[in-house]
Amino acid sequence: MVGRCKPASQKNQHVRSHVVMWHEVNESNEVTFEDGIKEHRKDAGRSREEIERLTVNEDLGDLERACLFLTANAHPLQQSCAIGKLHTNLKEYGAKAHETIFPIFTASLDGYSEFCQIQAAEALTSMLQDESLSKEAPDWFFPTAFHMIKSHRSPDVMHSWLGTMRALVPLIPQQMLKEDLLQLALAKAQGEETSQAHSVSCNIFGAIAPLLDGKLIMQTYLHKAMALCQDTDTEVRTCMCEQLDPISRSVGLNTFMIFVFPELNELLKDEEPVVQAAAIESLVRLLDFLPPDIRQTQVLPSLRSLCDEGSAAMHVTLARLLGDIIVKMVPDLLDDDAMLLLDAYKGLAQQSNEEVRQLCAYNFPAVLKTIGARKYSTLLHGTYIQYVQDASPIVRCTAAACFHEVAKILGKERTASYLKESFYSLLKDPALIVQSKLFNILPTIIGHFSVSNAQSKAATYTAMIPALVQADKSVSSTNQWRMQRCLLQAFPLLPEYFTSDQIYDNFVPICFRYMSDGVLPVKISAVLALAVFLRNNCKTQQRYEMSQRVVKEFGQGQSYWSRLLYIDFCESMLRAAELRVLACSKTTS
């Protein structure tokens, strides 16, 4: 809180001064007396000159103080504080703040530290999202952002200010786009300019493309943009890949096929993996722009070649994007062509690179949804089994995390037929990270095995009991209380799928154990599960035994926490009864 002073109504008539020394600027926190003492101790080693430099008049108004702190020779902490207050000042004083502060701010920016320059860019970008600011704000900010991207900057500073300019582009008049930004981009695209200037040019070309007419782009900068695709600097070629999508959509399909697509094909074969990766991402973004015949005859062969012959880095990129590629392309392909893409996916799923396999597992639900549940058994079942049994816990973890999505796509009958063993395997997985992912979605998964045939349903859930009990044993021996709670949170659903005897013999003891030995959040979940078990148990003797045990061990317990837990149990019983009454009323109605 640099240079902050009391409101004018609280000031006395004497002129006072305040030494600005705070080492952390945070306008949302009030400074306590203890903070002041600590800062006073830090100030003890300051020289007189530094103390004088950091001393400001407390009677200065907000705008006067901002102007003082935004000068190039102000202390970096003062500059940082004033930048942090820009939003507040503009909101409170509007055009007056702009007229007073921004000339000094823009003129002094070059002298700020790199941190303050980046902070300033982020502040302006954030303010553009505030609809309560004046509609003239984009016009106020444009000269500052334009000034910052005109000259050479450090990579981080330029990246931040290009982000601000991209946020400004849709909000400023067409005249500024054509007369200022476009002319700057054309000037920086010249061959003798630096690689950073070329990158700035690429960014501007892409940012303004959606707002300009395709013919104007053709006449002014399309050829220069395509020339930048062959720039000798890797960063420029990478940056240009990212701009091909907006430029292509603006100039139209015919122009794209003549001028842009050949350059994109060259970038896909670039010797630098980072450029190849950017090119494939650009191609994937353009898939919905291309008609089916071009996707089939032009794009598919390139993708297949990259899957077969691409570098290891390219395989990582393809594995990350292949789900999106299959979703966009397969519906319009012939069966043979679709199988080529699916074979490419399966090939990547069998690679030795763990990251590639993990990304393939992540994309499995998208691939399955596109191929269809009917073809799962013949085309994809083996691949999912491979993920579940993978040697890497990361791959198995990803397979567990998407289990509910796969089950939802397949439907209950196919889930019970094909995923039963995979579910048991993941429940008993030796890696806790795998079990944790599965426990998080366990309430969603259990119902997917509820087939229509009563006999098959009973057999499926009976076979599930040992796996659930084993999962509890493995997690109860650790201090992973969140996993224990996740497991217990699935228990209230069990009465719908298991018999009273099965629950009483296998799951009720688990609840009592956690009620006695678990941490508080686990106890609460165990209490709720036990209340639901008791409320839904069909056998009088079992209900009586459970009730008596709860009263004896907790209602009449020696420790106060036991008796408090008994009260929680009673409240849970009331909630369980209310829920059952509501369910019955809905059924009868």
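What you see is a predicted model; the values in this text were computed from it and never measured.
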Between [X] and [Y], is there a donor-acceptor pair closer than 3.5 Å when you use the side chain of the first and the backbone of the second?
| X | Y | value |
| --- | --- | --- |
| Ser572 | Val527 | no |
| His381 | Thr378 | no |
| Ser525 | Val522 | no |
| Ser282 | Ala278 | no |
| Ser199 | Ser195 | yes |
| Ser456 | Asn453 | no |
| Arg357 | Tyr387 | no |
| Gln386 | Ala349 | yes |
| His315 | Cys307 | yes |
| Gln243 | Cys239 | yes |

Could you list all the salt bridge (charged side-chain N to carboxylate O under 4.0 Å, His left out) pairs where at least one residue sits in [range], not counting sequence neighbours?
| range | result |
| --- | --- |
| residues 229-244 | Arg237-Asp270, Arg237-Glu271 |
| residues 280-290 | Arg249-Asp288, Glu281-Arg320 |
| residues 407-434 | Arg396-Asp429 |
| residues 332-352 | Arg295-Asp332 |

Consider side-chain contact (heavy atoms from CB on, under 4.5 Å). Of Leu368, Ile385, Val406, which one does Leu380 pass it with?
Leu368
Given side chains that start at C-beta, do those of [X] and [Y] come closer than 4.5 Å, heavy atoms only?
| X | Y | answer |
| --- | --- | --- |
| Thr238 | Thr234 | yes |
| Leu186 | Phe205 | yes |
| Val532 | Leu493 | no |
| Leu303 | Leu283 | yes |

Evaluate the side-chain hydrogen bond (donor to acceptor under 3.5 Å, both in side chains) criterion for residues Gln484 and Ser476: first the C-alpha distance (whole Å), next the side-chain angles of each, then the deciding distance (0.1 Å), finally the verdict.
CA-CA 7 Å; Gln484 297 167 5; Ser476 63; over 6 Å; no
Could you state the interatomic distance from [atom1] ([X]) to [atom2] ([Y]), rounded to the nearest 0.5 Å?
| X | Y | atom1 | atom2 | result |
| --- | --- | --- | --- | --- |
| Ile247 | Phe259 | CD1 | CZ | 13.5 Å |
| Leu487 | Asn440 | CG | CG | 11.0 Å |
| Lys457 | Ser450 | NZ | OG | 3.5 Å |
| Thr255 | Phe261 | OG1 | CZ | 15.0 Å |
| Met165 | Trp161 | CE | CH2 | 9.0 Å |
| Ile172 | Leu168 | CD1 | CG | 6.0 Å |

Applying side chain to side chain contact (heavy atoms under 4.5 Å, CB included), run through Leu322 and Cys360 and close with a yes or a no.
CA-CA 8 Å; Leu322 203 52; Cys360 287; 5.8 Å; no
Mind checking what makes side chain to side chain donor-acceptor pair (under 3.5 Å) contact with Arg482, not counting sequence neighbours?
none
Tell me, please, which residues at least two apart from Asn203 pass side chain to side chain donor-acceptor pair (under 3.5 Å).
Arg166
Enclosure of [X] [atom1] (heavy-atom neighbours >12, cutoff 6.0 Å):
| X | atom1 | value |
| --- | --- | --- |
| Lys437 | NZ | no |
| Ile433 | CD1 | no |
| Lys369 | NZ | no |
| Gln455 | CD | no |

Using the rule given for side-chain hydrogen bond (donor to acceptor under 3.5 Å, both in side chains), can you reason through Gln230 versus Glu263, listing the C-alpha separation, both sets of side-chain angles and the distance that settles it, and then say yes or no?
CA-CA 8 Å; Gln230 300 299 324; Glu263 296 296 337; 2.7 Å; yes
Test side-chain hydrogen bond (donor to acceptor under 3.5 Å, both in side chains) on Gln435 and Ser474 and set out the steps.
CA-CA 9 Å; Gln435 287 187 322; Ser474 64; 3.0 Å; yes
Will you find, in the side chains of Ser160 and Glu122, an N or O donor that is under 3.5 Å from an N or O acceptor?
no
Can you see which heavy atom on [X] is nearest to which on [Y], and at what distance?
| X | Y | value |
| --- | --- | --- |
| Ala407 | His448 | CB-CG, 3.8 Å |
| Pro509 | Asn506 | CD-C, 3.9 Å |
| Ile258 | Pro262 | O-CG, 3.5 Å |
| Gly206 | Pro210 | O-CD, 3.4 Å |
| Leu228 | Val236 | O-CG1, 3.9 Å |
| Ile326 | Pro331 | O-CD, 3.8 Å |

Might you work through the side chain to side chain contact (heavy atoms under 4.5 Å, CB included) test for Cys229 and Leu244, ending with a clear yes or no?
CA-CA 9 Å; Cys229 291; Leu244 293 180; 4.1 Å; yes
Using a strict cut-off of less than 4.0 Å between a Lys/Arg side-chain nitrogen and an Asp/Glu carboxylate oxygen, indicate whether Arg513 and Asp472 qualify as a salt bridge.
yes
Plane angle bin for [Y] and [X] - parallel if under 30°, tilted between 30 and 60°, otherwise perpendicular:
| X | Y | value |
| --- | --- | --- |
| Tyr461 | Tyr497 | parallel |
| Phe498 | Phe507 | perpendicular |
| Tyr376 | Phe364 | perpendicular |

Walk me through whether Leu216 and Tyr221 qualify under side chain to side chain contact (heavy atoms under 4.5 Å, CB included).
CA-CA 8 Å; Leu216 179 62; Tyr221 72 81; over 6 Å; no
Paired with Phe423, the ring pair (Phe, Tyr, Trp, His ring centres under 6.0 Å) test is passed by just one of Tyr384, Phe449, Tyr418, namely Phe449
Taking it one step at a time, do Leu379 and Met339 satisfy side chain to side chain contact (heavy atoms under 4.5 Å, CB included)?
CA-CA 9 Å; Leu379 299 180; Met339 285 304 301; 4.0 Å; yes
